[in-house]
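The next block holds one structure in the form of structure tokens; read it before the comments.
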Amino acid sequence: MELTLNRSDYLQVGVTSQKTMKLLPASGRRATQKVVVGDQDGVVTCFGIKKGEVMPVFKTLPGLKIARLELGGALNTPQEKIFVATGSEIRGFTKRGKQFLSFETNLTESIKAMHISGSDLFLCASYIYNHYCDCKDQHYYLSGDKINDVICLPVEKLPCIIPILACQDRVLRVLQGSDMMYEVEVPGPPTVLALHNGNGGESGEDLLFGTSDGKLGIIQITASNPVHKWEMRNEKKRGGILCVDYFDIVGDGVKDLLVGRDDGMVEVYSFDAVNEPVLRFDQPLSESVTSIQGGCVGKDGYDEIVLTTYSGWITGLTTEPVQKESGPGEELKINQEMQNKIASLRSDLEHLQFKVIQEREKYQQSSQSSTAISAVPSFSVNDKFTLNKDDASYSLILEVQTAIDNVMVQSDVPIDLLDVDKNSAVVSFSSADTESNENFLLATYRCQANTTRLELKIRSIEGQYGTLQAYVTPRIQPKTCQVRQYQIKPLSLHQRTHFIDHDRKGEGVFKSDNISTISILKDVLSKEATKRKINLNIAYEISEVSVNHTLKLIHPKLEYQLLLAKKVQLIDALKELQVHEGNTDFLIPEYRCILEEADRLQEEYKKQPAHLERLYGMITDLFIDKFKFKGTNVKTKVPLLLEILDSYDQNALITFFDAA
């Protein structure tokens, strides 16, 4: 059965954070649900929909940014009490908007994640986890890396309280009291946790996780060790997971998985006979989806997916059809309703335009006054800088609450900017100032109208470390700009491992297949130790076998890139022959295949123009580093190495490394 959902935008609030929107339980059997949302202006807004119009229930005064919003209540009763985390404080509201709780925690940082189960409150700042029961401190844990989310397995199904932390170092930490029971490694930095099927499955131990690189999976959190049930790779290279929910939107009696991503993609997965997820619906939005939930809001009897976007739009994807089959009288009524709605929107638009003109004139008059005070307009920027381990590149995502005018990217280390399909901005480059070692890259992206999200892809060179800066200028007056900085690390394309010997004290042992990695580590550690006046003893053991092993690891990539470059060079000549002869029957199958795949080959080559040169650079560094550890400088032999690479043969390359 095909799933068709129609979009309806209900209301816009302020900029929203992750997991800050919920649907209140329906008050009656046939009643629609109310929506409650918290924004970064500190405002909690609750509203319902009646006859297509927004009906406010309550709205609080502005305050500190709301980082999380959860529903709670006594166990096994409707969860209709509203709890928000703002700064280091938890506030509670009834469904009518009356505040009944103001709990100032003992956290020194702002709350980043929250989970509520009956009278138990689980809170996390960046690295600190706290468990409270009836607002009394119970347990505490200091995490080894940044905490992104927290959840607790259902207490009604299990004999004890088991909280789980989703941490940036690709680990789920399973706690009991103030102690960690065990760690679970997941395939990417986990950003969101949820109980499978909304209740943890039959055992109550099934936990769904979503990662910042777009992967999903379910793990059974048992008392002794975890059981990985399934994992879904991000084959389509979509955005990171920000929010999930379980709701039967298909209408087959089985709950579906609803997913919201940071590239604006909304997805619905059903589960087949063996409980594997199957994609049933997807729809892209123009900005990241911060919250998602299934329910019935717009019209009684029609289920829908309600979601919140970064800039504060509350949107419904409803099963209600756009057009109905009806008689002439009903059609007239629908047309009249539509005309009334259009007239109302037109009136609102005219009012807003008049107000904008008034405010602009007021600003112009005040700016010419001698007592005028200059004020920089503030705007919110949501940014993410993450490593894609599949293609050894970084994604820089910049999202602004208003339209972006331009983004200038500057780097003091050499990096390459790669093409991104979703990116429609026009890029222009300035010449690099390599002498001062300050501007290896200076590029400006000019965005099209109404672009609020820009995705860039960069590739760094290992061993060359520094700072990447992005200057973000939105389309607001007066012109203003925000600068964001991102560190390019010495081993920027490496990922940490979790198998560490904790018995060693005061020393570190670094192992790698690649001698160049050890060389970079040695140089950086020596430099930093000298800068800090630290006495550092470095000893190293180099295995000759590792060099040939690394060359064999690089071989498939190098061979593929050389073949790709060769095919692309042949395309123009083959096209000329095709035009001259009128057909391709005279060509051998290999050349015919190149012509048939010409567009794909050129597109792939265009996406990674410097990939071959990078592989050459890796092999050259490997050659130099091999002999550097022996105290020999072989830079004069590099031109000969490049000649061998141009007429590449794996055995000849290995022989050259051995003979040199």
Side-chain angles (χ1 to χ4, degrees), residues 169-171 185-189 213 233 386-394 414 416 459-465 488-502 504 507-528 536-563 608 610-635 637-638 641-642 644-645 648-660:
D169 54 357
R170 305 194 329 278
V171 161
E185 188 173 351
V186 291
D213 53 358
R233 297 281 172 180
T386 52
L387 172 66
N388 308 310
K389 66 175 184 179
D390 297 332
D391 62 354
S393 68
Y394 277 88
D416 289 335
R459 187 171 282 135
S460 58
I461 300 171
E462 292 221 306
Q464 305 200 33
Y465 56 100
I488 308 289
K489 304 289 185 182
L491 291 175
S492 54
L493 303 180
H494 275 64
Q495 215 170 230
R496 80 173 69 188
T497 183
H498 294 285
F499 301 101
I500 299 168
D501 181 4
H502 293 285
R504 291 200 312 267
E507 69 169 348
V509 177
F510 301 92
K511 297 180 180 179
S512 175
D513 292 337
N514 193 343
I515 287 178
S516 296
T517 302
I518 303 299
S519 175
I520 291 167
L521 276 167
K522 176 179 169 290
D523 293 345
V524 173
L525 291 172
S526 300
K527 182 179 176 182
E528 292 299 317
L536 195 65
N537 297 315
I538 300 178
Y540 45 84
E541 296 175 12
I542 303 300
S543 170
E544 292 285 338
V545 181
S546 70
V547 176
N548 289 354
H549 173 70
T550 304
L551 289 173
K552 286 174 183 174
L553 289 176
I554 296 173
H555 169 71
K557 295 181 174 64
L558 182 60
E559 194 174 46
Y560 180 80
Q561 288 297 325
L562 284 165
L563 188 61
Q608 40 190 13
H611 205 70
L612 190 59
E613 287 80 357
R614 285 190 171 275
L615 292 171
Y616 277 24
M618 287 170 65
I619 293 169
T620 304
D621 288 344
L622 184 67
F623 179 67
I624 293 169
D625 291 332
K626 173 186 175 179
F627 292 95
K628 186 171 81 172
F629 281 106
K630 296 180 178 182
T632 307
N633 188 340
V634 290
K635 288 186 178 179
K637 294 186 178 181
V638 168
L641 171 63
L642 294 174
I644 291 170
L645 286 172
Y648 175 67
D649 175 74
Q650 187 184 10
N651 293 328
L653 182 62
I654 291 172
T655 304
F656 177 79
F657 265 73
D658 292 340

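We use all heavy atoms of the structure for the numbers below, so side chains are in, but hydrogens, waters and symmetry mates are not.
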Separation between CD (Gln561) and OH (Tyr648), nearest 0.5 Å, reads 12.5 Å
Nearest heavy-atom contact between Pro189 and Arg170 is N-CG, 3.7 Å
Does Ser516 reach the side chain of Glu462, with side-chain heavy atoms less than 4.5 Å apart?
no
dist Ser492:OG -> Leu387:CG (nearest 0.5 Å) comes out at 8.0 Å
d(Leu551 CG, Met618 CE) to nearest 0.5 Å is 10.0 Å
Distance col, row Lys511:NZ vs Leu521:CG, nearest 0.5 angstrom, shows 14.0 Å
Expected output: side-chain Tyr465 to main-chain Val524 donor-acceptor under 3.5 Å: no
Are any side-chain N or O atoms of Thr620 and backbone N or O atoms of Tyr616, one a donor and one an acceptor, separated by less than 3.5 Å? yes
Tell me whether Glu541 at atom CD has more than 12 heavy atoms from other residues, nucleotides or ligands lying less than 6.0 Å away. no
Checklist entry - Is the closest side-chain heavy-atom distance between Phe627 and Lys637 below 4.5 Å? => result no
In terms of heavy-atom contacts, Val171 and Val186 come closest through N-CG2, 4.3 Å
Next on the checklist: Can you confirm whether Ser460 sits close enough to Lys489 that some side-chain heavy atom of one is under 4.5 Å from a side-chain heavy atom of the other?
Outcome noted: no
Go through the steps to decide whether Lys628 and Asp523 satisfy the test side-chain contact (heavy atoms from CB on, under 4.5 Å), and finish with yes or no. CA-CA 12 Å; Lys628 186 171 81 172; Asp523 293 345; 3.3 Å; yes
Heavy atoms of Asp625 and Ser519 approach each other most closely as OD1-OG, 3.3 Å
With the side chain counted from C-beta on, respond yes when Leu558 and Leu645 share a heavy-atom pair under 4.5 Å apart, and no when they do not. yes
Minimal heavy-atom distance between Leu536 and Ser526, with the atoms involved, is CD2-N, 4.5 Å
Using side-chain heavy atoms (C-beta onward) and a distance below 4.5 Å, is Lys626 in contact with Val634?
no
Practice task
May I ask you to test the Thr517-Leu491 pair for a side-chain heavy-atom distance under 4.5 Å?
Solution key: yes
Output, in order, the C-alpha distance, side-chain angles, deciding distance and verdict of side-chain contact (heavy atoms from CB on, under 4.5 Å) for Ile542 and Val547. CA-CA 9 Å; Ile542 303 300; Val547 176; 5.7 Å; no
| message | If we count only N and O atoms by modelled type, under 3.5 Å, do the side chains of Ser393 and Asp391 hold a donor and an acceptor together? | response | yes
Any donor-acceptor N/O pair, Arg459 side chain to Arg614 backbone, under 3.5 Å:
no
Exercise. Could you check if a side-chain atom of Phe657 sits within less than 4.5 angstrom of a side-chain atom of Leu641, using non-hydrogen atoms only?
Key: yes
Separation between CD1 (Ile515) and OG (Ser543), nearest 0.5 Å, reads 8.0 Å
**Asked** Is there side-chain contact between Ile624 and Lys635, with heavy atoms separated by less than 4.5 Å?
**Response** yes
dist Ile654:CD1 -> Asp649:CG (nearest 0.5 Å) comes out at 9.0 Å
So, the side chain of Ser512 versus the backbone of Ile518: is there a donor-acceptor pair under 3.5 Å, distance only? no
Practice prompt. Show the numbers, then the answer: is there a side-chain contact (heavy atoms from CB on, under 4.5 Å) between Ile554 and Leu615?
Written response: CA-CA 8 Å; Ile554 296 173; Leu615 292 171; 4.1 Å; yes
For Ile488 and Gln464 the tightest heavy-atom approach is CG2-O, 3.9 Å
